[in-house]
Amino acid sequence: MEQAIISFPSLGLEMNPPAVISLFGLDIHLYGVAIALGFLLAVLYCARRAPEFGLEPDNVYDVIIWALPIGVIGARAYYIIFNYEAGGFAGHPENWIKVWNGGLAIYGGIIASVLTAVAVCKIKKIRIPAFLDLGCFGLLIGQLMGRWGNFFNREAFGSETTAFLRMGLTTAKGTIYVHPTFLYESLWNLAGLLILHFWTKKGKRKFDGQIFLLYVLWYGVGRFFIEGLRSDSLYLGGTGIRVSQLLAAVSAAAALILLIMLGRKPHTLWKDRELSSPDDTDTTEHI
């Protein structure tokens with residue numbers, strides 16, 4: 001549906017943005033531009049706020065040079081695994097690398113990026129929970145920006161609806177009105193980013209790892225409901241279970257349990273602990 005005219009009738013909007021633009025003879029996919037812009041903003045934001053989490057901007061750069069490419073591989077692998085037959089990957093390994101034909105699953109990217117970040121932090125002796133707290137802001141920025149790539153591609157939309165925010169897609173065959181799930185998720189991530197940004201600015205963070213767990217909870221809850229509206233979900237085997245919806249529910253529940261358990265214990269932020277004098281005999285638990 002790359003040529004479909006997009007409209008939001010309740011808002012009086014109609015547009016026909018290109019999915020690809022040509023610059024100096026090169027075809028530039030706006031999906032990629034949205035992702036690249038999100039990545040750039042995420043890195044700048046995290047590097048700027050690093051000292052507030054007891055980290056250095058160089059820590060961000062050390063991790064991102066590994067987490068970005070491996071995150072893309074993880075996003076592609078997740079998509080292939082759960083779309084192996086229907087996606088034309090069975091017996092055609094040459095299709096595995098054709099990312100330009102579509103097929104990146106954001107949960108796969110998140111899982112791969114987080115695992116890579118943990119490994120690099122371990123090697124570089126960077127405080128893992130503190131880095132995850134900082135890194136989740138980058139994930140939120142990247143996700144909310146990247147979803148607009150779906151807008152240009154006319155993809156990742158939901159089932160037909162008459163809801164107020166319905167999006168019209170008009171082709172020669174007519175117009176359908178669907179849930180703009182890419183927009184729902186982008187707005188949900190923006191809300192999470194703003195809430196956690198101002199919450200941490202007010203000094204509400206009680207322990208390293210708390211913001212990351214809040215991110216997992218927030219994103220999981222939103223993704224669970226939004227995924228239920230999608231018309232292009234990946235399913236678990238021959239079941240009717242949506243993979244991302246199941247993962248969202250499990251991760252959100254696990255994050256909530258950990259937040260409750262850890263919230264009952266006394267903690268000291270790592271950056272505050274480093275400021276303590278050598279004679280300080282504080283025995284407070286740390287994560």
Side-chain angles (χ1 to χ4, degrees), residues 31-76 78 104-124 126-150 182 185-202 204-205 207-223 244 247-248 251-252 255 269-271:
Y31 181 92
V33 172
I35 292 177
L37 182 58
F39 167 73
L40 178 61
L41 292 176
V43 172
L44 292 174
Y45 177 96
C46 290
R48 183 176 180 83
R49 293 202 64 190
E52 298 176 39
F53 292 81
L55 303 168
E56 298 293 332
D58 282 348
N59 296 150
V60 176
Y61 308 138
D62 287 340
V63 172
I64 203 66
I65 60 174
W66 291 100
L68 176 62
I70 295 178
V72 173
I73 293 172
R76 184 61 171 175
Y78 184 106
L104 293 176
I106 195 162
Y107 253 128
I110 293 173
I111 293 170
S113 296
V114 170
L115 292 177
T116 302
V118 169
V120 175
C121 285
K122 192 74 174 176
I123 295 171
K124 296 284 187 178
I126 301 169
R127 183 69 174 168
I128 295 173
F131 188 88
L132 291 179
D133 277 350
L134 177 64
C136 70
F137 288 101
L139 288 174
L140 284 168
I141 293 171
Q143 288 169 267
L144 76 88
M145 291 297 298
R147 280 303 177 197
W148 284 94
N150 300 136
F182 77 89
E185 189 168 332
S186 183
L187 292 176
W188 183 258
N189 287 327
L190 176 60
L193 174 66
L194 293 175
I195 291 170
L196 292 178
H197 172 86
F198 290 108
W199 198 68
T200 53
K201 283 293 187 179
K202 290 183 179 180
K204 298 293 186 179
R205 187 168 69 106
F207 58 88
D208 292 328
Q210 185 181 27
I211 303 303
F212 177 72
L213 291 174
L214 286 171
Y215 157 75
V216 173
L217 175 59
W218 178 267
Y219 182 70
V221 170
R223 184 60 184 267
S244 292
L247 184 56
S251 60
L269 294 174
W270 185 257
K271 68 182 184 68

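When reading the values below, keep in mind they use all heavy atoms of this one structure, side chains included, and skip hydrogens, waters and symmetry mates.
When Phe198, Tyr45, Trp199 are each tested for a ring-ring contact (aromatic ring centres under 6.0 Å, His included) with Phe137, only one passes: Tyr45. Screening Ile110, Ile111, Thr116 against Val114 for a side chain to side chain contact (heavy atoms under 4.5 Å, CB included) leaves a single residue, Ile110.
Put simply, the side chain of Tyr61 reaches to within 4.5 Å of the side chain of Val43, judged on heavy atoms. Proximity of Arg49 to Thr200: side-chain heavy atoms (C-beta onward) are separated by under 4.5 Å at one or more points. Between Val72 and Arg76 there is no side-chain heavy-atom pair separated by less than 4.5 Å. Side chains of Tyr219 and Cys136 form no contact here, defined as non-hydrogen atoms less than 4.5 Å apart. Looking at heavy atoms from C-beta onward, Arg147 lies out of side-chain contact with Trp188 at the 4.5 angstrom threshold. By the 4.5 Å heavy-atom criterion applied to side chains, Ile126 and Leu55 are counted as neighbours.
In this structure, the side chain of Ser186 does not engage the main chain of Phe182 through any donor-acceptor pair within 3.5 Å. Between the side chain of Trp218 and the backbone N or O of Leu193 there is no donor-acceptor pair closer than 3.5 Å.
Residues Ser113 and Ala67 share a closest heavy-atom pair of OG-O, 3.5 Å. Between Ala47 and Pro57, the shortest heavy-atom distance links the atoms O-CG, 3.5 Å. Taking each heavy atom of Asp133 and Gln210 in turn, the nearest pair found is OD1-N, 3.4 Å. Shortest non-hydrogen contact noted between Ala50 and Leu134 is CA-CD2, 3.8 Å. In this structure, Gly71 and Ala112 approach most closely via the heavy-atom pair CA-CB, 4.0 Å. Contact between Ala34 and Trp148 at its shortest, heavy atoms only, is CB-C, 4.3 Å.
To the nearest 0.5 Å, the span separating CD1 on Ile141 from CG on Leu144 amounts to 7.0 Å. In this structure, CD1 in Ile195 is found 14.0 Å from NZ in Lys204, a value given to the nearest 0.5 Å. Rounded to the nearest 0.5 angstrom, Leu190 CG and Met145 CE are separated by 10.5 Å.
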Checking side-chain contact (heavy atoms from CB on, under 4.5 Å) for the pair Glu185/Asn150: CA distance, chi angles, key distance, verdict?
CA-CA 11 Å; Glu185 189 168 332; Asn150 300 136; over 6 Å; no
Applying side-chain contact (heavy atoms from CB on, under 4.5 Å) to Tyr78 and Leu247, what does each step give before you reach the verdict?
CA-CA 12 Å; Tyr78 184 106; Leu247 184 56; 4.1 Å; yes
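Between Phe212 and Tyr215, the two ring planes are tilted [angle within 30° to 60°].
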